[in-house]
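Worksheet for the structure shown next.
These numbers were taken from a predicted model, which means no experiment stands behind them. Note that ligands are numbered from 1 as they come in the structure, with each ligand's atoms numbered from 1 the same way. Quick note: residue numbers are just sequence positions, from 1.
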Amino acid sequence: MAKTVTPSGTTSPGVLASLDPLLREWLPRQRWFAGKGRPVTGFSLVAGTELLPSRSRLGLYHLLVRAHQPDTAGDCYQLLIGAREALPPRLAPALIGHVTDGPLTGRTVYDALYDARPAGLLLEALRTGARIGVLRCERDFDQEIRPGLVPRLMTAEQSNSSVVYGDTFILKLLRRVVPGVNPDLELPLALAREGCPRVPAPTAWMEGDVQGETYVLGVLQPYLQGATDGWELALRELAKGEDFGAEARDLGRATAEVHRALARALPTATFGHAQIQPLVDGMVVRLEAAAQAVPTLRPYAPALRTAFTALAALAAEGHTWTAQRVHGDLHLGQCLRAPAGEWTLIDFEGEPARPLAERRMPQPAVRDVAGMLRSFDYAAHSADPPLPAWAHGCRAAFCSGYAEVAGVDPRTDPVLLRAYETDKAVYEVVYEARHRPDWLPVPLSAIHRLAAPDLP
Ligand SMILES: Nc1ncnc2c1ncn2[C@@H]1O[C@H](COP(=O)(O)OP(=O)(O)O)[C@@H](O)[C@H]1O
Ligand SMILES: O=P(O)(O)O[C@H]1O[C@H](CO)[C@@H](O[C@H]2O[C@H](CO)[C@@H](O)[C@H](O)[C@H]2O)[C@H](O)[C@H]1O
């Protein structure tokens, strides 16, 4: 089914002008669109590549498009646009609209990731290491990619878009893209070089070279068939009233294995007062912004701030910490458990809203531990009634497992742990207020506890 990709060339800005009114409606409705709440006032073409000519039955464009919005520079999005005379019913969910102006007049355009042929062409480009327009595909030739694997777009709630090929590979196409080294490719490649089996090794990847800058656009990796994510698994065990201690302990071990491999593979640093103070300043600024945005947080702010100032005080006394590359956004949903029981960590993008340079900085590894501890708390507090003892058991088991491999128990540094947990809980309050207001009580219950750490 997949055909060899033939380079067609650069797409003219006229194509984007044709799409403009339709994209203004469609783009803000996409789950992965990061600029919700502000109107899109226009687009500019960062790069465009015609993958199949518009004159053919199926026209296909790869576009990097900057969406202009008031008060921002505007984010750049990766789009794969198909153009047909009419859409078959199976592609109805992919519809963008009917073009009435410009070079695509009369055509129906749609998100081509839903379509087997364009998705197949992407795999073929990755398999053959194709270069088409600004697009450059690279691959690990030690891993075999069979041609013609059947694609299916994943329907899970996610920040990007993923296509599974024949239950063998999964391609994550990054949607909001920025130039520079992307940790979602950088860290799995570094871990693969270290021989760390806890992270799927990238099989192939697609980059865009645009005006002297490189954008990571997609990463293909082995698909872990039959794996269940940690969040689903935790909720399932909770519903059955079952203990999750053994799984949490294994997860702690897996996390420490990944941390150890990252510390071997990439530079580490020692953090003293000079590095901790700006980190603490960032936490304080985020707390203040969160208290502005979510009024229920305000009464807790002074007590929460003590978690941060205590860390700064420890640093001022001369305490130092080891910093290294970390996952940066670790929670149960980023952990997949294979049917045989072993855990794998995915999605090393970090918090997408933070600048790339910040996401790539070495940090104390406890940051990831704090993310996981928050996640156990989330699971326990989304049960009805909440089961804090269940979370307590998981948190302890995770830390014990972590200590077995890392040689250091995160609980022996309670000031650092509390600061990172508080920072994460504050982030979650804002996240839930914006995305899932019904969930706000979950991080708020943690805020209540973190603001009064000495209460039982
Ligand atoms: N290697 C893999 N094997 C099986 N499923 C995967 C794999 N990688 C990701 N997934 C599934 O795809 C979902 C989205 O992947 P993720 O990397 O978290 O994307 P996003 O950054 O868009 O959230 C995950 O929650 C998981 O269910
Ligand atoms: O999925 P993303 O990596 O984009 O992360 C965002 O969404 C998460 C929810 O889907 C959110 O995670 C929070 O809720 C989880 C349960 O749904 C819980 O396991 C996490 O611990 C909690 O932080 C995450 O914060 C947000 O960045």
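- In the vicinity of Glu349, heavy-atom distances shorter than 4.0 Å reach the ligand 1 atoms 21 (O).
- Residue contacts with ligand 2, taken as heavy atom pairs separated by less than 4.0 Å, involve Gln334 solely via side-chain atoms from C-beta onward.
- If you check which protein heavy atom lies closest to atom 14 (C) of ligand 1, you get Gln158 NE2, 3.6 Å.
- Not a single heavy atom of Gln225 sits closer than 4.0 Å to an atom of ligand 1.
- In the model, Asp209 has a side-chain atom that pairs as donor or acceptor with a side-chain atom of Thr214 under 3.5 Å.
- Under a 4.0 Å criterion applied to the non-hydrogen atoms of Leu336, ligand 1 contributes the atoms 2 (C), 3 (N), 4 (C), 5 (N), 6 (C), 7 (C).
- Atoms of ligand 1 found under 4.0 Å from any heavy atom of Gln334, numbered from 1 in the order shown, are 18 (O).
- Of all the heavy atoms of Ser375, the ones lying under 4.0 Å from any atom of ligand 2 are found in both the backbone and the side chain.
- Taking every heavy atom of Met154 and a limit of under 4.0 angstrom, the matching atoms of ligand 1 come to 11 (C), 12 (O), 13 (C).
- For ligand 1, none of its N or O atoms has an N or O atom of Ser161 under 3.5 Å away.
- Looking at Glu349 against ligand 2, nothing comes within 4.0 Å, counting heavy atoms.
- Below 4.0 Å from some heavy atom of Pro222 lie the following atoms of ligand 1, by number and element: 1 (N), 2 (C).
- Of the N or O atoms in Ser159, one or more lie within a sub-3.5 Å distance of an N or O in ligand 2.
- Considering backbone and side-chain N/O of Trp439, none are found under 3.5 Å from N/O of ligand 2.
- Asp347 OD2, 3.1 Å is the protein heavy atom nearest to atom 18 (O) of ligand 1.
- Assignment of Ser159 to the shell around ligand 1 is supported, since a heavy atom sits closer than 4.0 Å.
- The closest approach between a heavy atom of Gly333 and any atom of ligand 2 is not below 4.0 Å.
- Nearest to atom 25 (O) of ligand 1 among the protein's heavy atoms is Gly333 O, 4.1 Å.
- Taking every non-hydrogen atom of Trp231 and a distance limit under 4.0 Å, the qualifying atoms of ligand 2 come out as 16 (C), 17 (O), 19 (O).
- Of the protein's heavy atoms, Ile346 CD1, 3.6 Å lies nearest to atom 24 (C) of ligand 1.
- For residues 141-155, the salt bridge (charged side-chain N to carboxylate O under 4.0 Å, His left out) pairs, not counting sequence neighbours, are Arg152-Asp167.
- For ligand 1, the atoms lying closer than 4.0 Å to a non-hydrogen atom of Asn160 are 20 (P), 21 (O), 22 (O).
- The closest approach between Asp229 and ligand 1 stays at or above 4.0 Å for every heavy atom of the residue.
- The atoms of ligand 1 that sit less than 4.0 Å from any heavy atom of Lys172 are 16 (P), 17 (O), 19 (O), 20 (P), 21 (O).
- Given atom 8 (N) of ligand 1, the protein heavy atom at minimum distance is Gln221 OE1, 3.6 Å.
- Below 3.5 Å of separation, one finds no N or O of Tyr223 facing any N or O of ligand 1.
- Near Tyr427, meaning under 4.0 Å from any of its heavy atoms, are these atoms of ligand 2: 25 (O), 26 (C), 27 (O).
- For atom 5 (O) of ligand 2, the nearest non-hydrogen atom from the set His435, Met372, His331, Lys424 comes from His331.
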